Novice: 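The structure's right below; bear with me while I get my questions together.
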Amino acid sequence: MKKVLTVAGSDSGGGAGIQADLKTFAALRVYGTSVITALTAQNTLGVHGVHPVPAEFVARQLDAVLSDMDIEAAKTGMLVNADIIEVVARKVKDYGLKQLVVDPVMVATTGGSLLAEKAEAALKKELLPLALLITPNLPEAEVLTGRKIKTEKDMRECARILHDMGVSFVLIKGGHLEEEAEEAVDILYDGANYYRFTKPKLKINATHGSGCTLSAALTALLAQGLPVEEAVARAKEFVFQSIKGAFPVGKGVLPVNPLAML
């Protein structure tokens with residue numbers, strides 16, 4: 001069984017973050033390990049508090065996992081601040097992690113801020129050049145590139161800009177794209193080619209944890225040896241089924257259900 005790692009925050013409501021990642025890893029039959037960067041007081045209605053883990057303890061967790069286990073692929077989610085980003089980047093280099101998926105988590109689906117303002121520069125300088133693949137949604141891609149995204153053409157241009165920052169593959173998630181009313185369009189760019197992935201937009205308010213689930217699915221599939229393009233197609237289908245198979249939890253945005261395909 002392949003071993004994978006998630007470096008992310010804990011969601012007390014169980015819908016996103018570490019909890020969503022570990023569910024996804026189990027559903028895709030890989031062994032999941034975790035490094036927790038923050039505790040959140042969170043539910044389907046919003047993020048009610050964030051308690052960052054000290055950067056030195058994030059480093060200790062990373063050393064504990066990476067010195068003991070052969071990690072085939074890793075992902076990052078909520079990284080909170082510049083100190084944690086710098087620690088993660090250093091350990092990625094120290095341990096030679098080659099298959100790193102960076103989900104540049106900045107704002108929760110329910111609206112709460114999950115990244116300190118000063119951390120954006122560290123994310124772009126320290127971590128993005130180490131990533132095999134990054135998975136920003138439209139608001140995150142706009143922040144990272146300083147450009148507005150209104151069309152698919154804009155998505156492609158932002159993907160090119162992000163690739164120029166040193167990332168091998170850029171996947172921009174277009175679920176928020178206004179010009180596509182019926183389809184969710186994602187654009188993958190590898191520095192030479194653009195690939196377009198679409199799924200029908202589901203009429204269900206069940207997107208809490210969707211970004212975490214996608215990046216975790218990509219991590220699992222890459223660990224199993226799939227090429228990036230195929231991994232994206234399969235991960236997108238996994239998330240589609242996870243949204244489709246969601247069931248009522250809480251009073252706000254429903255969490256996706258990574259176990260739906262089982």
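When reading the values below, keep in mind they use all heavy atoms of this one structure, side chains included, and skip hydrogens, waters and symmetry mates. Small disclaimer: the values here were computed from a predicted structure and weren't measured.
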Novice: With rounding to the nearest 0.5 angstrom, report the CG to OG1 distance, D103 to T213.
Specialist: 10.0 Å
Novice: Any side-chain donor-acceptor pair under 3.5 Å between D190 and H163?
Specialist: no
Novice: Could you give all pairs that pass the ring pair (Phe, Tyr, Trp, His ring centres under 6.0 Å) test and reach residues 59-104, with sequence neighbours left out?
Specialist: none
Novice: Which pairs pass ring pair (Phe, Tyr, Trp, His ring centres under 6.0 Å) with one or both residues in residues 216-239, sequence neighbours excluded?
Specialist: none
Novice: Find the distance between CD1 (I85) and CD (E126) and round it off to the nearest 0.5 Å.
Specialist: 9.0 Å
Novice: What residues, two or more places apart in sequence or in another chain, satisfy side-chain hydrogen bond (donor to acceptor under 3.5 Å, both in side chains) together with H51?
Specialist: none
Novice: Sequence neighbours excluded, which residues qualify as salt bridge (Lys or Arg N to Asp or Glu O under 4.0 Å) partners of D63?
Specialist: K91
Novice: Considering residues at least two apart in sequence or located in another chain, which fulfil the side-chain hydrogen bond (donor to acceptor under 3.5 Å, both in side chains) criterion with S34?
Specialist: none
Novice: Among all residues two or more places apart in sequence or in another chain, which pass the salt bridge (Lys or Arg N to Asp or Glu O under 4.0 Å) test with E229?
Specialist: none
Novice: What residues, two or more places apart in sequence or in another chain, satisfy ring-ring contact (aromatic ring centres under 6.0 Å, His included) together with F169?
Specialist: none
Novice: Sort and list the pairs that fulfil salt bridge (Lys or Arg N to Asp or Glu O under 4.0 Å) and have at least one residue in residues 12-25, not counting sequence neighbours.
Specialist: D21-K75
Novice: Which atom pair, heavy atoms only, marks the closest approach of V4 to A223?
Specialist: CG1-CB, 3.5 Å
Novice: Could you give the distance from OG (S215) to CD1 (I134), rounded to the nearest 0.5 Å?
Specialist: 12.0 Å
Novice: Do any N or O atoms from the side chain of T198 and from the backbone of A184 form a donor-acceptor pair under 3.5 angstrom?
Specialist: no
Novice: Minimum heavy-atom separation for A220 to F25, with atom names?
Specialist: CB-CD2, 4.3 Å
Novice: Can you list the residues that meet the side-chain hydrogen bond (donor to acceptor under 3.5 Å, both in side chains) rule with Q99, with sequence neighbours excluded?
Specialist: none
Novice: Partners of D186 by salt bridge (Lys or Arg N to Asp or Glu O under 4.0 Å), sequence neighbours excluded?
Specialist: K236
Novice: Roughly how far, to the nearest 0.5 Å, is the CD atom of E142 from the CE atom of M155?
Specialist: 11.0 Å
Novice: Just by distance, do the side chain of Q61 and the backbone of I36 share a donor-acceptor pair under 3.5 Å?
Specialist: yes
Novice: How many angstroms lie between CG in L66 and CG in L5, if you round to the nearest 0.5 Å?
Specialist: 6.0 Å
Novice: Where do D11 and Q19 come nearest, in terms of heavy atoms and distance?
Specialist: N-OE1, 2.8 Å
Novice: Are E157 and R160 close enough for a salt bridge, meaning some N to O gap below 4.0 Å?
Specialist: yes
Novice: Would you please test K199 and E183 for salt bridge (charged side-chain N to carboxylate O under 4.0 Å, His left out) and show each step?
Specialist: CA-CA 6 Å; K199 281 290 180 185; E183 287 186 321; over 6 Å; no
Novice: Taking the side chain from S210 and the backbone from A206, do they hold a donor-acceptor pair closer than 3.5 Å?
Specialist: no
Novice: Short question: side chain of T37, backbone of A8 - any donor-acceptor pair under 3.5 Å?
Specialist: yes
Novice: Partners of D154 by side-chain hydrogen bond (donor to acceptor under 3.5 Å, both in side chains), sequence neighbours excluded?
Specialist: T151
Novice: Nearest 0.5 Å please: distance from the CG atom of L132 over to the CG atom of L218.
Specialist: 9.5 Å
Novice: Take a 6.0 Å sphere around OH of Y195 and say whether it holds more than 12 heavy atoms from other residues, nucleotides or ligands.
Specialist: yes
Novice: Listed by chain and number, what are the salt bridge (Lys or Arg N to Asp or Glu O under 4.0 Å) partners of R90, not counting sequence neighbours?
Specialist: none
Novice: Would you confirm whether S10, through its side chain, and I18, through its main-chain N or O, come within 3.5 Å as a donor-acceptor pair?
Specialist: no
Novice: Has K124 got more than 12 heavy atoms of other residues, nucleotides or ligands less than 6.0 Å from its NZ?
Specialist: yes
